[in-house]
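I have placed the structure first, in the form of structure tokens, so that the comments after it can refer back to it.
Proteins come first, then strands; the chains are lettered A, B, ... in the order of their sequence lines, and each starts at number 1.
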Amino acid sequence: MGSIYALAALGFNIIYNATGIINFAQGEFVMLGAMLMAYFAAVLKLPLLLAFIVVVLLVACVGLILERGCIHPLKNPSILVLVMITIAASILLKGVTMFIAGKEVHGMEYFSGENTVVDMGGAKVPTQTFWILGVLGVVVCGLVIFFNLTLAGKAMRACAFDRTAASLMGIPTKRMVMFSFFLSAAIGGMAGAVIVPISMADYQSGAMFGIKGFGAAVFGGLGNNFGAVSAGLILGILEALTAGYLSSHYKDALPLAVLLLVLFVKPSGLFGSEAAGRLKKF
Amino acid sequence: MMKFFKKQNLFCVVLVLCFSLTVFSFAQEKKEEKKEPIKIGAIFSITGGASWLGEPERNTMVMYVEKINKAGGVLGRPIELIVEDTEGNETKTVNATKKLITKDNVIAIVGPSRSGSTMAIIDIPGEYKVPLISCAAAESIAVPVRKYVFKTPQKDSDAALRILEHLKKKGVKKIAIMSEASGFGDQGRLQLKKYAPEYGIAVVADDTYGPKDTDMTPQLTKIKATEAQAVVNWSIVPAQSIIPKNMKQLGMTIPLYQSHGFGNPKYAEACGEAGEGIIFPAGRLLACDTLPDDHPQKKVLMNYKKEYEERFKDSVSTFGGHAYDALFIIVEAIKKAGVVDKDKIRDEIEKTKGFIGTGGIFNYSPEDHTGLQKDAFEMLTIKNGKFVVLQD
Amino acid sequence: MADPILELKDVCRFFGGVRAVDGVSFCVSKGQIKSIIGPNGAGKTTLFNVIAGNMKPTKGNIRLQNRNVTMLPDYKMASLGVTRTFQTIKIFSNMTVLENVMIARHPRSRAGFFSAAFRFPWMRREETSLIRESRKYLEFFDLLGKADHPAHTLPFKEQRLLEFARALANEPVILLADEPAAGLNTRETKDIAALIKRIRDTGVTVLLVEHDMSLVMDISDEILVLDFGKKIAEGTPEHIRKNDEVIAVYLGRRAEGA
Amino acid sequence: MMKRNIYIPYAVFLMIVLLAPMFVKNPYYLGVLVQVGIFSLVTMGLSLLMGYAGQISLGHAAFFGMGAYASAILTGTCHWSPWLAMGAGMLITACVAWFVGTPSLKLKGHYLAMATLGFGLIVNIFFLAEVDLTGGPSGYTFARIPHITFIKWTIKSETSSYYFVWGILLVILLLTLHIIHSRVGRALRSIHADEEAARAMGVNTAQYKVGIFILSGIYASLAGSLYAHYIRFVAPDPFGLMESVLLVTMVIVGGMGSIWGAIAGAALLIILPEALRFFQDYNILIYGAILLFIMLFLPGGIFGGSQMLWLLIRKIPGRRQEAKDG
């Protein structure tokens, strides 16, 4: 579970870094990924890998459309307006999904066969968990390589650091924003695609992924990808521990309380430095 | 400063204009009203958290109202169905109810889908003297009896009793309860805890989960460590299909009982292989193929199932059945009353006896607005991915 | 030195390993214009922030009119009479020019949530006198004609003036001006110099951080030179002009920097 | 001169509010207007916090819910007088707001958003989990929430609810307008513009931020109590995260930095979904589209929009920015 939060948090970060926006439609990307995956793999019976690739591309395109249609046309928007736009967009995405896919829940088999488990020191771990961890690992490695070794990645980091300076250096910041939406939507789509066998999805599951992902992103320090991954995992583990040992009522409350306490003590998140926080005003 | 504030004045005027426009448009709308059709209102959670409940309910209503109208309507007048959406939100439900009653002047209301929503509006029918038949299960809707409020689903407590009976028969002494943190799950949890001692059954674990949770392994791991001989899960959301999966992954072999909220073929489908052998109480609709031919409900159930599935290309669920029952109870009452009068219709609804619906055989009385006994529930199980009546 | 308004003793401010301000001591006397100069990164702005209460000193002691104010937060310092202007103009762009000045009277008025909500008679009187006083300050800076304009519509120089008007309306004991000539041309700089003198003549002590040497030499009564967070010289403009170490620092730095 | 100017629109508004029931007789419409009043109360407080002090709260539905639950529990379980319960609710909310606000408001931007969001979720989980106190997920069903009695009138019918809620709203509105056009209002706006400069002018920004947070919490709590006595049933759902987001949306759609905008936003976002009932399932699409449209083309909200429109008509250029900033 934590891995999914981590993936969602990564998505938040990528857009945040490029634009300073918190994209509240991020959860919707995860939901779309899950729904499409269920459709392609379970209904159309496409081979897994093909379905996965198609899903990720499709969700990424939705991200692109979102950016082109809603973010791009604005000339000089305030952060708050952008946030509201992403909220409105997420309502729309939800609505469209509801009409196309219906209101039922969709699920599918585990990637490696129904209900297969691996015995690990007495604890039975579903094989899907490894798929999820694997995807997280691949995404993290991919991002590290992308941001550090490729020109486009470096350009995006430059944008994150100082947008004006980056555009003066000839980096097409607008295109970078577009690309960041593409990338984070793709990551969201991946997260959705791997989670659907475990948790199933309907048109409303986006909000939960969104909140948890946002929580993880803030917890780890906005804009800090390493922080996002660790914080996502920590939140997931905290949740499981609370439900297992304390009270399942407060399963969601305790990690939140921990998050709040951390913020109060260290206002820029666990791994965020104050300077890197680059606090954006509303 | 003068100028600055003057500008503000103008915005206020604009605001005020908008406000008065709305007011006037409200006032205008009232005039266009035709008296001809008989208006029946319906309030379902068509969107929002419980849309999978509201959807079949609405579909059922729409389909049968069309059918009735094609056959000449009731008392020679067509029925006009006005469906409202609660969005699963209590405030919206209140608005919808008031709209139906005071703006649309409906003569009776079917719904809401959920217990919480029903409780939010429970006094309104009495205030405006409009009969309402709820499609939500909670016992508190009909206990204490409210003059204008009826319900069609079976009682929660009956479901709990049926489960406990079965557990007792199987010699189970210790159970673990899982429930979803919602009105439905909470009611069931309370009922189970209340009646379990009467059957000599101890509750050794009592856990909840959020309606949108995706993994119940932590709770189940905790339960696994107890001496529970069976898990009883009370939920109405898709999340419950995850429990059998999780249990299988954890290697738990104790039987899983679900509530009547499991009565949706999609849930069984979602469980896949892990769902085999789940035991749960439900109306007979789901397993009507396996009912003996001489069962009084068989014909009604088979017809409803056939018609619904033909029209909507979607498997039938008990929830739609609740709406079916409510609609036809009202229609029968109108026929018997002979006039379209809210109070007379209410009286006739209360006099309903031996009405064969999808939920069971309804007998309302001034003391009982539930209409069903606990034998309305049949214990079902999943065999080869299909609901069948449990034989033993 | 007679009548010290502000007194710093061995004030330090470290950021991790960086000693931005390192053991600085000095006095500002009443009615003086004192300037702090030094190369980029010498710790001038940090020192300002420490005095104004924006940052707590790591070590050391600050006294205002013989009162220990070392650890007081910035808004307290402001109400005690330490007011500042900023290097990058910080006017309240969402308010009118007049309201900008009225804000400065904040510590000198007392209406709270409750009294504001119910508009007690005394509160109305306070508001009226607030407007009257604030208009006086605007008049002093020739801004009265634009009192009701939104502050962000003013041209740059007038925004700077507004910042001064606002600072003065705070009735400061000592005014900390952070590079008031930044972004202004030579003529405007001259106007600012005259203005600072006028402010001093109203009895307000001025502590100045400035890069523009001509401005500093022209108006300062005393100058303090910082380098790497340390005080390297202090004295009258003539004295500083002749100080070898100061010249070395400036020339040396320039040679490196160029 | 300032005084006259805030009282004129107020007086016009007062007349409209008083006269509206002469045209709107249908209880359903009146009921919708009552809800507009209740939500306006919350958005007014939120507008003070967001538009004036420049802080954000994604947990305001929690305060709204605390007022509602306080009224429900204290009148239902403890048999207090509704007025006393209302006061107690506001007091409790104020304490909680102080307790949460003091550390939270040191945070900025998205971190503050997350902190308030987290707080809102925790309070909602509390409503869900404390079954013995709140009735849990099924809502408060231990007792029926009584009608409120004002002097000798029982507020029961839609018309009386309308006058009661809007009467309270009008009083609060007046007080709020006074606060805005005062030393306190200026201090708040200075925080919005530049916190450091505000402190340099002697404004104790931390104290004001917490103060306005508490005040907006109290408004929300009062609205919650009114809600509880009007709907007479409380359940956790209407006080969740989506409601908090909706409240913020109301303020932004209405136009930040204007109390009138807050009322307009509440009115629009309450009336719009009701008006869209006709479209049934499609309302979610239309709703989203309208929201998107407003944000794309009227970034200053309805109020900023009307402002811009007026300026365009009058051909006074150069104020676009102002609408945006406000």
Review point. Within the side chain of C/Asn94, is there an N or O that forms a donor-acceptor pair under 3.5 Å with the backbone of D/Arg189?
Key: yes
Review point. Considering only heavy atoms, which portion of D/Ile180 lies under 4.5 Å from any heavy atom of chain C: side chain, backbone, both, or neither?
Key: neither
Check your understanding: How long is the span from the CD1 atom in C/Ile103 to the CG atom in D/Asp194, to the nearest 0.5 Å?
Key -> 11.5 Å
Review point. Can D/Asn204 and C/Lys76 be said to form a side-chain contact (heavy atoms from CB on, under 4.5 Å), step by step?
Key: CA-CA 8 Å; D/Asn204 184 350; C/Lys76 273 266 168 61; over 6 Å; no
Review point. So, do C/Arg119 and D/His181 sit near enough that their side-chain heavy atoms are less than 4.5 Å apart?
Key: yes
Practice item. Grab the two heavy atoms, one from C/Ala117 and one from D/Leu175, that are nearest each other, plus how far apart they are. Key: O-CD2, 3.1 Å
Exercise for review: Against chain D, work out which of C/Ala78, C/Ser79, C/Ser109 has the most heavy-atom pairs shorter than 4.5 Å and name it.
Suggested key: C/Ser109
Check your understanding: Which answer fits C/Asn170, side chain, backbone, both or neither, if we ask what part of it has an atom under 4.5 Å from a heavy atom of chain D?
Key -> side chain
**Study point:** Approximate separation, where rounding is to 0.5 Å, of C/Asp74 CG and D/Glu195 CD
**Key:** 9.5 Å
Point to revise | Atom NZ of C/Lys146: over 12 foreign heavy atoms under 6.0 Å | key: yes
Revision key, fill the gap. Distance col, row C/Glu127:CD vs D/His178:NE2, nearest 0.5 angstrom, shows 11.0 Å
Practice item. Only counting residues at least two apart or in another chain, list the ones meeting ring-ring contact (aromatic ring centres under 6.0 Å, His included) with D/Phe213. Key: D/Phe63
Check your understanding: Checking heavy atoms, do the side chain of C/Met123, its backbone, both or neither come under 4.5 Å from chain D?
Key -> side chain
Revision key, fill the gap. Cut-off 4.5 Å, heavy atoms of chain D, and the answer for C/Ala104 is both
Check your understanding: C/Phe113 vs D/Tyr208 aromatic rings, parallel, tilted or perpendicular, using cut-offs 30° and 60°?
Key -> tilted
Point to revise | Spatial distance of atom CE (C/Met102) from atom OG (D/Ser182) [nearest 0.5 Å] | key: 9.5 Å
**Study point:** Donor-acceptor under 3.5 Å (D/Arg183 side chain, C/Ala111 main chain)
**Key:** yes
Practice item. Check each atom of C/Asn54 against the heavy atoms of chain D and say whether the ones under 4.5 Å are side chain, backbone, both or neither. Key: side chain
Point to revise | Residue part contacting chain D, namely of C/Glu126, when any heavy atom lies under 4.5 Å | key: side chain
Check your understanding: Side chain, backbone, both or neither: which part of C/Arg108 has an atom under 4.5 Å from a heavy atom of chain D?
Key -> neither
**Study point:** Per-residue contact mode, C/Leu130 against chain D (heavy atom under 4.5 angstrom)
**Key:** side chain
Practice item. Return yes when atom CZ of D/Phe99 has more than 12 non-hydrogen atoms of other residues, nucleotides or ligands closer than 6.0 Å, and no otherwise. Key: no
Check your understanding: Is there side-chain contact between C/His106 and D/Met201, with at least one heavy-atom pair below 4.5 Å?
Key -> no
Check your understanding: Given that the side chain runs from C-beta out, which part of D/Ala198 has a heavy atom under 4.5 Å from chain C: side chain, backbone, both or neither?
Key -> both
Check your understanding: Would you find more than 12 non-hydrogen atoms of other residues, nucleotides or ligands less than 6.0 Å from C/Met71 atom CE?
Key -> yes
Review point. Looking at C/Arg84, C/Arg105, C/Met95, which one has more heavy-atom pairs under 4.5 Å with chain D than the rest?
Key: C/Met95
**Study point:** Atom CH2 of D/Trp83 with >12 non-hydrogen neighbours under 6.0 angstrom
**Key:** yes
